[in-house]
Amino acid sequence: METDMNQDQANYALLIDRQTQQFIRHTQSWYPPDATELSVAEQRRIYDAMCREFHAGYPPGISSSDDDQLVASRHYRLASSNLRRELAQIVYFHGGGFVVGGLESHDDVCAEICKATGFDVTAIDYRLCPEHPHPAAFQDALAGVRKVWQAHQVPIIVCGDSAGGNLAAAVSHRLRADSICLAGQVLIYPGLGGDNRCGSYLTHASAPMLTSAEVAYYSAIRHGSPHAREDASSAPLQDTDFSQLPPTVIFSAECDPLADDGRHYRDKLQQSGCQAVWFNEAGLVHGYLRARHSVERAESSFHRITDAINALGEKRWPYSAQ
């Protein structure tokens, strides 16, 4: 659902339902709203603890194995899906503002995507900031996709949430003239380098789970400066060419300063003749993937996400013009 956003602050008492409010409180009991005021080491410690709290385990039939060659990764496989893995492979990039997260933080999410689609999933453990500023994460993301392509030689769907959505899009921009076949990209509440002076960056500046100030904090850490010049490898919306990009499905959370990035990215792709669709998930907040078992709206969105991955892997485009 598409909404017109004015510059007034959103009324979250009206937008966010009871289940989502409970999810927010549960999350903040483990990862408090002022976490960015802590040291990076402490942020990682409490973020990892929060992720363990929400970990839902693996669905039946899913196994995983780690590989630390070239770039560290974790590979997920459904035992009974030999034919599916010949159609496509998924490469997943986790969220965490380029500062926190890793193979454990989105472990159950990747396992459930594998189960729901039957496609193998490879999660990439890219380097984090501030120890490894941009372009380190982008370079690792690119290397991870090349690694999967060399191993399997089947079309790849790049997928990621938040910072991982940024990496998925940046990789797609870099690889569009490459021999690697990208079947599509699925971007989940991605930060794509939009204009932080207007739109959802103002309307949802004080959103629960992620504020505009926190977006600026993570950007400054990633680039080593709040005034760094961004290009398509760090901010895909800053590219000057949006042609020849793979079919793209974008999921934004309505109550998120990053929401307009998804809409604007869809518009640029459609204007360049690419297939793109954007879902602005009503009443949801940044990080809602962890609410997929407790919030009906998040569960429905997760089904849409896995349906999108299925369609792209099967070379289908089931969406009408949006």
Side-chain angles (χ1 to χ4, degrees), residues 47 70-75 89-107 109-110 113 121-149 156-176 178 180 182-194 210 215 218-224 228 230-239 242 245-252 256 258 261-262 264-266 268-269 276 286-287 289 305 308-309 312:
Y47 183 82
L70 184 62
V71 57
S73 61
R74 179 169 293 166
H75 188 74
Q89 296 272 325
I90 302 167
V91 177
Y92 194 93
F93 306 108
H94 68 82
F98 303 99
V99 173
V100 299
L103 294 181
E104 302 302 329
S105 64
H106 292 64
D107 182 49
V109 172
C110 290
I113 290 173
V121 178
T122 300
I124 303 302
D125 193 21
Y126 56 86
R127 287 170 289 174
L128 298 177
C129 304
E131 299 92 334
H132 305 283
H134 180 74
F138 169 70
Q139 292 170 340
D140 289 350
L142 198 59
V145 171
R146 294 189 188 280
K147 173 180 173 180
V148 172
W149 172 256
I156 292 173
I157 302 164
V158 289
C159 183
D161 68 286
S162 192
N166 172 290
L167 291 173
V171 165
S172 293
H173 282 242
R174 177 62 60 87
L175 290 179
R176 62 186 138 185
D178 197 277
I180 294 175
L182 294 184
Q185 51 178 343
V186 176
L187 314 179
I188 306 163
Y189 37 84
L192 301 171
L210 183 71
V215 173
Y218 290 122
S219 179
I221 286 185
R222 187 185 187 196
H223 297 96
E230 296 181 336
D231 60 19
S233 68
S234 66
L237 275 170
Q238 301 305 311
D239 205 346
F242 293 84
L245 287 164
T248 300
V249 186
I250 309 155
F251 297 87
S252 295
D256 183 348
L258 301 178
D261 280 18
H264 293 150
Y265 191 61
R266 176 208 59 186
K268 287 182 178 293
L269 265 65
H286 198 85
L289 278 181
I305 289 166
I309 294 170
L312 294 177

Which heavy-atom pair separates [X] from [Y] by the least distance, and what is that distance?
| X | Y | answer |
| --- | --- | --- |
| Tyr47 | Ser105 | CE2-CB, 3.8 Å |
| Ser162 | Gly95 | CB-CA, 4.1 Å |
| Ala123 | Leu103 | O-CD2, 3.6 Å |
| Pro246 | Leu182 | CB-O, 3.8 Å |
| Gly184 | Leu312 | CA-CD1, 4.0 Å |

Rounded to the nearest 0.5 Å, what separation is found between the [atom1] atom of [X] and the [atom2] atom of [Y]?
| X | Y | atom1 | atom2 | answer |
| --- | --- | --- | --- | --- |
| Leu142 | Lys147 | CG | NZ | 13.5 Å |
| Tyr92 | Ser73 | OH | OG | 15.5 Å |
| Arg74 | Glu104 | CZ | CD | 4.0 Å |
| Ile309 | Ile113 | CD1 | CD1 | 4.5 Å |
| Leu258 | Leu210 | CG | CG | 5.5 Å |

Within a radius of less than 6.0 Å around CZ of Arg174, do more than 12 heavy atoms belonging to other residues, nucleotides or ligands occur? no
Is there a side-chain contact between [X] and [Y] in this structure, where contact means two heavy atoms from C-beta onward sitting under 4.5 Å apart?
| X | Y | value |
| --- | --- | --- |
| His75 | Val121 | no |
| Phe251 | Ile305 | yes |
| Ile156 | Val148 | yes |

For Pro236, run the side chain to side chain contact (heavy atoms under 4.5 Å, CB included) check against Leu192, Leu187, Asp231, Leu245 and tell me which one passes. Leu192
Going by side chain to side chain contact (heavy atoms under 4.5 Å, CB included), Ile188 matches just one of Asp161, Val249, Val109. Which one? Asp161
I'd like to know if the side chain of [X] and the backbone of [Y] have a donor-acceptor N/O pair within less than 3.5 Å.
| X | Y | value |
| --- | --- | --- |
| Ser252 | Ile250 | no |
| Asn166 | Pro190 | no |
| Gln185 | Ser172 | no |
| Arg176 | His173 | yes |
| Arg222 | Ser234 | yes |
| Asp125 | Ala72 | no |

Before you tell me yes or no, could you show the steps for Asp140 and Leu167 under side-chain contact (heavy atoms from CB on, under 4.5 Å), namely the whole-Å CA-CA distance, both residues' side-chain angles and the distance that decides it to 0.1 Å? CA-CA 10 Å; Asp140 289 350; Leu167 291 173; over 6 Å; no
Will you find, in the side chains of His134 and Ser233, an N or O donor that is under 3.5 Å from an N or O acceptor?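 Per modelled atom types, His134 and Ser233 side chains form a pair under 3.5 Å.
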Determine, stepwise, if the pair Val99 / Tyr218 fulfils side-chain contact (heavy atoms from CB on, under 4.5 Å). CA-CA 7 Å; Val99 173; Tyr218 290 122; 3.8 Å; yes
Should Asp239 and Lys268 count as an ion pair when the cut-off is N to O under 4.0 Å? no
Can you tell whether the side chains of Arg266 and Asp261 come within less than 4.0 Å, N to carboxylate O?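 No, this pair does not count.
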Using ring pair (Phe, Tyr, Trp, His ring centres under 6.0 Å), reason through His106 and Phe93 one step at a time and then give a plain yes or no. CA-CA 9 Å; His106 292 64; Phe93 306 108; over 10 Å; no
Would you say the ring centers of His94 and Tyr126 fall short of 6.0 Å from each other? yes
Measuring centre to centre across the rings, with the benzene-like ring taken for any Trp, is Phe138 within less than 6.0 Å of His132? no
Start with the C-alpha distance between Asp178 and Trp149, add both sets of side-chain angles, then the distance that settles side-chain contact (heavy atoms from CB on, under 4.5 Å), and finish with yes or no. CA-CA 11 Å; Asp178 197 277; Trp149 172 256; over 6 Å; no
Assess the residue pair Ile90 and Thr122 against the criterion (side-chain contact (heavy atoms from CB on, under 4.5 Å)); give the C-alpha distance rounded to whole Å, side-chain angles, the decisive distance to 0.1 Å, and a yes or no. CA-CA 6 Å; Ile90 302 167; Thr122 300; over 6 Å; no
